[in-house]
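Below: one structure, written as structure tokens.
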Amino acid sequence: MKVLVTGVAGYLGSVLCQQLLADGYEVVGLDSLRRSGDGVLSAYPTGHFRLLAGDIRDQQTVKKAVDGVQSVIHLAAIVGDPACAAEPELAREVNLDATVLMHRSAVDFGVERFVFASTCSVYGRVHGDGIADETYVLEPLSLYASAKVEAEKRLLTTPGTAVTVLRNGTLYGLAPAMRYDLVANRFARQAALGDSLTVMEPQAWRPMTHVADAASAVRAVLRTPAVGASGVFNVVGTNITIGALAEQIAMACGGAKIQTAETSSDRRDYRADGARLRAATGWLPHWSPGEGGAQIADAVRQGITTEADHVPA
């Protein structure tokens with residue numbers, strides 16, 4: 001099967017590409033290479049990977065990319081609240097308009113399946129002791145989350161191809177295209193360098209998902225008949241408070257001091273239920289934040305990865 005992965009050189013895309021190639025898929029990657037293409041260098045020796053360097057906002061580029069593929073996994077985005085706030089117009093164009101263009105082109109070319117990477121940030125704040133399943137009221141608190149909400153609606157109400165929306169928890173873990181703006185990765189790097197872990201909003205909850213588990217969730221969807229894997233699914237490894245996350249990573253990385261920041265502008269506080277994806281596809285997470293953090297810390301100490309490798313897209 002030939003699969004298109006947009007954002008293939010990014011944090012999640014670089015891991016997913018490796019896993020799909022190992023599964024025997026032929027992978028076409030589309031990426032603007034806005035940051036770097038190093039994340040897909042290892043894909044070339046397989047002989048089953050082809051990269052299209054281009055902008056997902058360009059209609060001709062998109063048409064060329066979807067032509068002849070059976071499935072589209074759409075990861076490309078301006079990722080995260082700070083990046084979207086810094087370039088709001090670009091964020092809307094890429095995260096919403098280009099997503100709609102990609103899906104419309106997939107429908108026009110008869111693509112069988114369209115998998116869209118969304119985020120559990122769409123829940124914003126889950127009140128009381130609640131845990132958000134896929135029917136929970138959405139409360140996006142940022143441009144990033146709002147664009148994902150609107151994109152979800154547009155995709156799910158447009159007929160023509162099977163659509164799966166994967167609302168990922170906050171990702172963490174080593175990847176060929178590394179990110180250190182993610183909270184668990186930042187904690188692990190701080191611990192490896194002997195710095196204190198700076199914790200903001202220690203009582204706030206987050207669903208956490210290892211990047212390799214997020215990639216395996218996509219593979220689980222592709223293995224499942226479309227009738228059983230269409231719609232919206234949370235991709236959750238574990239729910240944990242930011243304070244407990246720091247403690248777990250500090251312990252796994254050999255110990256580190258933890259300090260709490262006085263203020264934070266981040267109002268998010270949410271837990272998410274991943275049971276629906278497990279029931280539909282059999283997907284199970286395999287990583288814990290402590291395990292992922294320990295690997296990052298080792299890579300930092302060995303000089304394999306540095307903050308210069310940061311790829312926020």
Side-chain angles (χ1 to χ4, degrees), residues 7-19 22 35-43 75 79-83 117 119-121 168-202 204-218 235-261 266 285-313:
V8 70
Y11 181 61
L12 174 55
S14 60
V15 176
L16 176 60
C17 182
Q18 290 180 335
Q19 292 189 9
R35 303 298 179 183
S36 171
D38 291 351
V40 292
L41 285 175
S42 64
L75 310 180
V79 178
D81 299 352
T119 171
C120 283
S121 287
N168 289 310
T170 301
L171 299 183
Y172 66 93
L174 277 175
M178 196 57 193
R179 286 179 59 187
Y180 285 108
D181 59 317
L182 297 164
V183 60
N185 294 358
R186 174 168 54 84
F187 285 162
R189 179 180 177 276
Q190 288 173 331
L193 296 176
D195 298 335
S196 296
L197 311 192
T198 304
V199 179
M200 296 179 287
E201 302 294 336
W205 286 89
R206 292 289 188 278
M208 304 294 299
T209 308
H210 193 284
V211 64
D213 286 334
S216 72
V218 175
V235 185
V236 179
T238 186
N239 289 291
I240 190 170
T241 65
I242 301 298
L245 175 68
E247 292 173 359
Q248 186 176 137
I249 290 178
M251 182 177 298
C253 295
K257 293 182 178 180
I258 298 174
Q259 61 183 17
T260 302
D266 193 343
H286 294 288
W287 290 85
S288 71
E291 292 170 326
Q295 282 198 341
I296 292 172
D298 181 68
V300 170
R301 289 171 182 142
Q302 299 296 335
I304 296 171
T305 175
T306 69
E307 194 165 17
D309 299 324
H310 170 96
V311 180

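Computed from heavy atoms alone, side chains included, the values below leave out hydrogens, waters and symmetry copies.
How far CD1 of I249 is from CD1 of I258: 9.5 Å, rounded to the nearest 0.5 Å. Here the straight-line distance linking atom CZ of R206 with atom CG of L182 works out to 11.5 Å at 0.5 Å rounding. Note that CG of L75 and OG of S14 are 10.0 Å apart. Values are rounded to the nearest 0.5 Å. Of the inter-residue distances, the one linking C120 atom SG with M208 atom CE reads 11.0 Å to the nearest 0.5 angstrom.
The two residues L171 and A214 come nearest to each other via the heavy atoms CD2-CB, 3.7 Å. Considering every non-hydrogen atom in both Y180 and R186, the closest pair reads O-CB, 3.5 Å. Nearest approach of L174 to Q295, heavy atoms of both residues: CD1-O, 3.6 Å. Of all non-hydrogen atoms in A215 and L16, the two that sit nearest each other are O-CD1, 3.5 Å. Across every non-hydrogen atom of P289 and Y172, the tightest pair is N-OH, 3.2 Å. In plain terms, the two heavy atoms of D195 and A256 that are nearest each other are O-CB, 4.2 Å.
Side-chain contact between D266 and M200: absent, with no pair of heavy atoms (C-beta onward) separated by less than 4.5 Å. For the pair W287/V211, no side-chain contact is recorded, criterion being any heavy-atom separation below 4.5 Å from C-beta on. At least one side-chain heavy atom of S42 sits less than 4.5 Å from a side-chain heavy atom of Q18. Contact annotation: the side chain of P202 never approaches that of T241 to less than 4.5 Å [non-hydrogen atoms, C-beta and beyond].
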Item to check | Step-by-step side-chain contact (heavy atoms from CB on, under 4.5 Å) determination, C253 to R301 | outcome: CA-CA 11 Å; C253 295; R301 289 171 182 142; 4.2 Å; yes
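The closest donor-acceptor contact from the side chain of N168 to the backbone of V235 lies at 3.5 Å or more, if one exists at all. Judged purely by atom type and a 3.5 angstrom limit, N185 uses its side chain to pair as donor or acceptor with the backbone of G173.
For the side chain to side chain contact (heavy atoms under 4.5 Å, CB included) criterion with T170, the lone passing option out of V183, I242, T209 is V183.
Partners of S196 under the side-chain hydrogen bond (donor to acceptor under 3.5 Å, both in side chains) rule, at least two apart in sequence or in another chain, do not exist in this structure.
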